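Contents: one structure, followed by commentary.
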Amino acid sequence: MNQLKIDGHKLTYHIPRVNSWLNGDLIYPIYMEISPSGMCNHRCRFCALDFMGYKKSFLDADILAERFQEMGKLGVKSIMFGGEGEPLLHKRIGWLTQQASLANLDVAFTTNGVFLDKKKVHEILPHTEWIKVSCNAGTPGTYGTIHGTKAADFKKVIANLSYAAKYREKNNLSCVLGLQLLLLPENRQEVTTLASIARDIGIDYLVIKPYSHHPSSTTEYYRDISYEDSAEECAEAELLSTTNFSVIARLNTMKSWDTKSKTYTQCLGLPFWSYIDSAGNVWGCSAHLEDKKFLYGNIFQQNFQEIWEGEKRLDLLAWFDREFDASTCRLNCRMDKINHYLWELRHPPQHVNFI
């Protein structure tokens, strides 16, 4: 599963758009993260977006489907359903997935997997590139504690994924199925347990990643967590990899968390992605949700082109490039690897012609 570049980035596969950005042209995002639901059935101890309040809000499916058509024509390549709530709680999520695919958008999900029942598997898998389930323990008791839910949800998630893997194989579908474990003090002894379960039910990979503290998050459980002694545990889990199953330990990202270091002082990734919350607001960055300076507009009040080419977004980008210090921002954010790449393009070292 190294080809998935989970601990890297894929902007190198979009050279024409990168070149347009380098030339100062207006570009449309390659990737959008969309939150269909503000509600969540879990109260995870590590939740980065707990400050959003788990509101009972859902995106209007018909309007969102219209925006999908527009986004596809404007050059958006992919969307991921995730966000501040559980995306599978949206009653029309199956239909929305199909509409996004019809608009030539690649579709993905991050979910806790509790509501990935047979009906949703049938509706979603044929139109989805990948589904990554957040499962942060290898036993029901630890799972319930970390996820802030009943322990029985653990077995439900594993059963749902097992069915999804069988359905995929039976119908010759290509949707990649993965598990994600946030490495925490409570689950360190259960990494290999979860890896064994994932391998045995036909999942493609388990990714082990570090915690990343959101600046606005109300939770403080793991703010000072360290990953200095995590390599051995990750290596043990990686031994369970086979030709059909991979354990992917994001050791480089863990190291970045521990050293608190960045090679860039300016965030350059904003033009390449965006975030739509469950109220339809379009944000420049998910690390600055509810900071009105980063609010571009709302898809229920404007179409996407009006928002993206609007004066409000362009003014924000100008202010952001001029005044914002990325060294003070969230560590290991979604655009971190892309920022390293773009910073090097803007600030090349000596002797670049000696390839």
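Quantities reported herein were computed from a predicted structural model and do not represent experimental measurements.
- Heavy atoms only, all atoms of each residue included: Ala48 and Ser217 are closest at O-CB, 3.7 Å.
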For this session: Begin from the C-alpha positions of Asp315 and Lys312 and carry the test salt bridge (Lys or Arg N to Asp or Glu O under 4.0 Å) through to its verdict.
Result: CA-CA 5 Å; Asp315 287 345; Lys312 190 173 184 179; over 6 Å; no
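- Between the side chain of Arg168 and the backbone N or O of Ser174, no donor-acceptor pair lies under 3.5 Å.
- The neighbour count for Glu323 CD, taken as heavy atoms of other residues, nucleotides or ligands under 6.0 Å away, is above 12.
- For the atom pair OG1 (Thr253) and OH (Tyr211), the distance works out to 16.0 Å, reported to the nearest 0.5 Å.
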Exercise. What do the steps show when you test Asn187 against Tyr143 for side-chain hydrogen bond (donor to acceptor under 3.5 Å, both in side chains), and what is the final call?
Worked result: CA-CA 8 Å; Asn187 63 24; Tyr143 179 92; over 6 Å; no
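- At least one side-chain heavy atom of Trp21 sits under 4.5 Å from a side-chain heavy atom of Leu342.
- Side chain of Ser37 to main chain of Met39: a donor-acceptor pair is present (N/O by atom type, distance under 3.5 Å, no hydrogens or angles).
- At a threshold of 4.5 Å between non-hydrogen side-chain atoms, the residues Met32 and Met80 do not count as touching.
- A distance-only check finds a donor-acceptor pair linking the side chain of His347 to the backbone of Trp343 [under 3.5 Å].
- Considering only heavy atoms from C-beta on, Leu295 stays 4.5 Å or farther from Leu316 through its side chain.
- Every pair passing ring-ring contact (aromatic ring centres under 6.0 Å, His included) that includes a residue from residues 163-186 is listed here, sequence neighbours excluded: His122-Tyr163, His122-Tyr167.
- Panel note: side chain Glu70, backbone Gln305; a donor-acceptor pair is recorded below 3.5 Å.
- Closest of all the heavy-atom pairs between Trp273 and Cys285 is CZ2-CA, 4.1 Å.
- In the model, Asn41 has no side-chain atom that pairs as donor or acceptor with a side-chain atom of Glu86 under 3.5 Å.
- Put simply, the side chain of Leu251 does not reach to within 4.5 Å of the side chain of Tyr227, judged on heavy atoms.
- Across all their heavy atoms, Leu179 and Ala198 have their closest contact at CD1-CB, 3.6 Å.
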For this session: Would you sort out whether Thr142 and Glu190 count as a side-chain hydrogen bond (donor to acceptor under 3.5 Å, both in side chains), showing the intermediate values?
Result: CA-CA 9 Å; Thr142 305; Glu190 300 183 7; 2.6 Å; yes
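- In terms of the salt bridge (charged side-chain N to carboxylate O under 4.0 Å, His left out) criterion, Arg199 has no residue partners (sequence neighbours excluded).
- Heavy-atom neighbours of Lys120 NZ from other residues, nucleotides or ligands within 6.0 Å: above the threshold of 12.
- Aromatic ring centres of Phe294 and Phe320 lie closer together than 6.0 Å.
- Side chains of Val157 and Asn112 form no contact here, defined as non-hydrogen atoms less than 4.5 Å apart.
- Between Asp117 and Lys119 no salt bridge is recorded (no basic side-chain N to carboxylate O distance below 4.0 Å).
- Annotation for Leu89 and Phe58: closest pair O-CE2, 3.8 Å, computed over non-hydrogen atoms.
- A donor-acceptor pair under 3.5 Å links the side-chain atoms of Asn160 to the main chain of Gly113, judged by distance alone.
- Sorted by first and then second residue, the salt bridge (charged side-chain N to carboxylate O under 4.0 Å, His left out) pairs with a member in residues 96-108 form an empty list; sequence neighbours excluded.
- The stretch residues 40-69 participates, sequence neighbours left out, in these salt bridge (charged side-chain N to carboxylate O under 4.0 Å, His left out) pairs: Arg45-Glu186, Lys55-Glu290, Asp62-Arg92.
- You'll find the side chain of Leu206 stays beyond 4.5 Å of the side chain of Ile248, heavy atoms only.
- Proximity of Ile34 to Ser278: side-chain heavy atoms (C-beta onward) are nowhere separated by under 4.5 Å.
- Between Phe109 and Phe81, the angle of the ring planes lies from 30° to 60°, which puts this pair in the tilted group.
- A donor-acceptor pair under 3.5 Å is absent between the side-chain atoms of Ser274 and the main chain of Leu270, judged by distance alone.
- Among pairs with a residue in residues 244-253, those fulfilling salt bridge (charged side-chain N to carboxylate O under 4.0 Å, His left out) read Asp7-Arg250, at least two apart in sequence or across chains.
- Among residues two or more places apart in sequence or in another chain, the side-chain hydrogen bond (donor to acceptor under 3.5 Å, both in side chains) test is passed with Asn281 by Asp277, Asn298.
- For Ser162, the side-chain hydrogen bond (donor to acceptor under 3.5 Å, both in side chains) test picks out Lys166, with sequence neighbours left out.
- Within the structure, salt bridge (charged side-chain N to carboxylate O under 4.0 Å, His left out) contacts touching residues 342-352 (residues at least two apart or in different chains) do not occur.
- Atoms CG and OG1, on Leu173 and Thr128 in that order, are 9.5 Å from each other to the nearest 0.5 Å.
- Between His127 atom NE2 and Ile124 atom CD1 the span is 9.5 Å, to the nearest 0.5 Å.
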Mind listing the side-chain donor-acceptor pairs of residues 95-105 below 3.5 Å, one per line with the distance, residues two or more places apart or on another chain?
residue : atom : partner : partner atom : Å
Thr97   : OG1  : Ile93   : O            : 2.7
Gln98   : NE2  : Glu123  : O            : 3.4

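- The local environment of NZ in Lys337 is crowded, with over 12 non-hydrogen atoms from other residues, nucleotides or ligands closer than 6.0 Å.
- A donor atom on one side chain and an acceptor atom on the other are found under 3.5 Å apart for Asn136 and His147.
- With His288 as reference, Phe324 is the one residue of Trp283, Tyr296, Tyr275, Phe324 to meet the ring pair (Phe, Tyr, Trp, His ring centres under 6.0 Å) rule.
- In this structure, Arg17 and Val76 approach most closely via the heavy-atom pair NH1-N, 4.5 Å.
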Just distance, no hydrogens or angles: give the donor-acceptor pairs under 3.5 Å from side chains in residues 231-241, sequence neighbours left out.
residue : atom : partner : partner atom : Å
Glu233  : OE1  : Arg188  : NE           : 3.1
Glu233  : OE1  : Arg188  : NH2          : 3.1
Glu233  : OE2  : Arg188  : NE           : 3.2
Ser241  : OG   : Glu238  : O            : 3.1
Ser241  : OG   : Val247  : N            : 2.9

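- Residues satisfying the side chain to side chain contact (heavy atoms under 4.5 Å, CB included) criterion with Pro185, sequence neighbours excluded, are Tyr222, Ile225.
- The side-chain heavy atoms of Tyr205 and Val207, taken from C-beta on, include a pair separated by under 4.5 Å.
- Judged by distance alone, with hydrogens and angles left aside, the side-chain atoms of Asp204 form a donor-acceptor pair with the main-chain N or O of Leu177 at under 3.5 Å.
- The list of side-chain hydrogen bond (donor to acceptor under 3.5 Å, both in side chains) pairs with a residue in residues 24-35, not counting sequence neighbours, reads Tyr28-Glu309, Glu33-Arg334, Ser35-Glu84.
- Minimum interatomic distance between Tyr54 and His42 (heavy atoms only, all atoms of both residues): CE2-O, 4.4 Å.
- For the pair His14 (side chain) and Ile30 (backbone), a donor-acceptor distance under 3.5 Å is absent.
- Judged by distance alone, with hydrogens and angles left aside, the side-chain atoms of Asn339 form no donor-acceptor pair with the main-chain N or O of Cys267 at under 3.5 Å.
- With hydrogens and angles left out, the side-chain atoms of Ser196 and Thr193 include no donor and acceptor closer than 3.5 Å.
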